Amino acid sequence: MITVMGATGHTGRKITEALLKTGENVLALGRSESKLEEIKNSGADVLLGDTTDSNILTKAFCGAEAVYTLLPTDRRSPDYQARQKQEGEAIVKAIHESGVKYVVFLSSLGADLSKGTGLIEGLYAQEERFRRLVNIHVLLLRPASFFENFYDTFGLIKNQGIIGDSIVPDRAIPMIATRDIANVATEALKSRDWKGVVVRELLGPRDLTYAEATRIFGERIGKPNLTYVQFSDADMARALIEAGFSKSFAHLYVEMTRGFNNGNFKSSEGRNSENSTPIRFEDFVDELADAFQAIDN
Ligand SMILES: NC(=O)c1ccc[n+]([C@@H]2O[C@H](COP(=O)([O-])OP(=O)(O)OC[C@H]3O[C@@H](n4cnc5c(N)ncnc54)[C@H](OP(=O)(O)O)[C@@H]3O)[C@@H](O)[C@H]2O)c1
């Protein structure tokens, strides 16, 4: 049996589906009964519970051959980092108490840095907690920025006809499809072929600028003049708070984008055939466009 945290999210859902397809027994964890019901119908066992509850997590990890773990992004949490710490400690406690031996953790590019990375600082701290465990094999996946972040641009496109963020338009950064992350995680959970704590960077097929991604998406949805606008840090934070996210999240988000803008998020090994993944933004954009058109009509 393999346990998957965040089984209704971007990566967890794809991992759950892929594991089930290859005949694995899966215990899928989530917080939404209705979303878990869909997963149950595909053949997984499901468990409802909060990711800060180490008792639930211990129950879910007991007897598993491997577990997929992440720190879910609760953008409304009044203290985002305190929440990440609470979740991280609950996960590590549950791993220790359940005796599970193989763990895959969804970290991020930039998690090698302890400071100045905003939202990612909590992932650095979680990597450190895993490193302190003994006799457990942990694969730390460090993916680039998700293509799926462009789902968050729909409101701005509809209301203002632009895509905007506090990231500079012309700095090419690595971006990746969550399907590629899920494929790597699925393979690792099944094969359990590494020893100790291992880091694996996942960088997508190439570096891409926000301006370029906006152009590709705009053309695909019949808006060839769609442009990317860089917001000031203050305007970006204000927009996030107005959208209902916490001040803590908004502050850390902007700090993270400052890190991108300053070129701080570097691959420690450089791009190579091992850390480059196949799905291009041009391949992913059809799915994005379908979702946009469904709300635009
Ligand atoms: N976005 C990026 O560019 C990027 C890049 C690198 C790393 N990351 C990291 O990736 C992680 C997020 O992964 P993801 O995108 O696969 O996840 P996601 O789509 O954000 O989904 C999170 C999952 O956890 C569930 N969840 C949320 N809060 C919960 C709670 N309190 N108790 C139980 N379940 C809860 C969600 O349930 P619902 O479906 O009900 O909401 C969902 O299943 C974050 O740690 C982020 O820092 C993100």
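Numbering of ligands and ligand atoms starts at 1, following listing order. Just so you know, these numbers come straight off a predicted model, no measurement behind them.
- Heavy atoms of Leu119 stay at 4.0 angstrom or farther from ligand 1.
- When the heavy-atom distances from atom 19 (O) of ligand 1 to His10, Met175, Glu33 are ranked, the shortest goes to His10.
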Audit row: Ser276, Arg271, side-chain hydrogen bond (donor to acceptor under 3.5 Å, both in side chains) steps and yes/no: CA-CA 7 Å; Ser276 294; Arg271 183 177 286 286; 3.0 Å; yes
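- The protein heavy-atom contact nearest to atom 47 (O) of ligand 1 is Leu123 CD1, 3.6 Å.
- Counting only non-hydrogen atoms, the option in Pro72, Ser32, Ser107 that gets closest to atom 27 (C) of ligand 1 is Pro72.
- Not close to ligand 1: Gly122, with no non-hydrogen atom less than 4.0 angstrom away.
- Assignment of Leu71 to the shell around ligand 1 is supported, since a heavy atom sits closer than 4.0 Å.
- With Ser246 contributing its side chain and Phe249 its backbone, the two residues share a donor-acceptor pair below 3.5 Å.
- If you check each of Ala185, Ser108, Gly9 against atom 6 (C) of ligand 1, the one with the closest non-hydrogen atom is Ser108.
- The closest protein non-hydrogen atom to atom 29 (C) of ligand 1 is Arg31 CD, 3.6 Å.
- The number of heavy atoms from other shown groups lying within 6.0 Å of CG (Asn41) is above 12.
- The environment of Arg179 atom CZ is sparse: at most 12 non-hydrogen atoms of other residues, nucleotides or ligands sit within 6.0 angstrom.
- At under 3.5 Å, a nitrogen or oxygen of Lys35, whether backbone or side chain, sits near a nitrogen or oxygen of ligand 1.
- Scanning all protein heavy atoms for the shortest distance to atom 48 (C) of ligand 1 gives Phe146 CZ, 3.4 Å.
- From the protein, the heavy atom lying nearest to atom 20 (O) of ligand 1 is Thr73 OG1, 4.2 Å.
- The protein non-hydrogen atom at the shortest distance from atom 23 (C) of ligand 1 is Gly6 CA, 3.5 Å.
- Among protein heavy atoms, atom 16 (O) of ligand 1 sits closest to Thr11 OG1, 2.6 Å.
- Considering backbone and side-chain N/O atoms, Leu29 never comes within less than 3.5 Å of an N/O atom of ligand 1.
- Test Leu109, Ile176, Thr277 against Leu203 for side chain to side chain contact (heavy atoms under 4.5 Å, CB included) and you get one pass: Leu109.
- Of the residues listed (Thr69, Leu71, Leu70), the one engaging Gln126 in a side chain to side chain contact (heavy atoms under 4.5 Å, CB included) is Leu71, and it is the only one.
- Side-chain atoms of Glu255 never come within 3.5 Å of backbone atoms of Leu119 as a donor-acceptor pair (strictly under, hydrogens ignored).
- At under 3.5 Å, not a single nitrogen or oxygen of Glu87, backbone or side chain, sits near a nitrogen or oxygen of ligand 1.
- Applying ring pair (Phe, Tyr, Trp, His ring centres under 6.0 Å) to Phe150 and the options Phe284, Tyr210, Tyr228 leaves one that passes, Tyr210.
- Using a 4.0 Å cutoff on heavy atoms, Gln86 does not count as a contact of ligand 1.
- Asp290 CG to Ile295 CD1: the interatomic distance, rounded to the nearest 0.5 Å, is 12.5 Å.
- Salt-bridge annotation for Glu97 and Lys93: present, with a side-chain N of the basic residue lying under 4.0 Å from a carboxylate O of the acidic one.
- Closest to atom 36 (C) of ligand 1, if we only count protein heavy atoms, is Thr8 OG1, 3.9 Å.
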Verdict with reasoning, Thr52 to Gln86, per side-chain hydrogen bond (donor to acceptor under 3.5 Å, both in side chains): CA-CA 6 Å; Thr52 57; Gln86 221 186 344; 4.6 Å; no
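- Closest to atom 13 (O) of ligand 1 among all protein heavy atoms lies Leu106 CD2, 3.3 Å.
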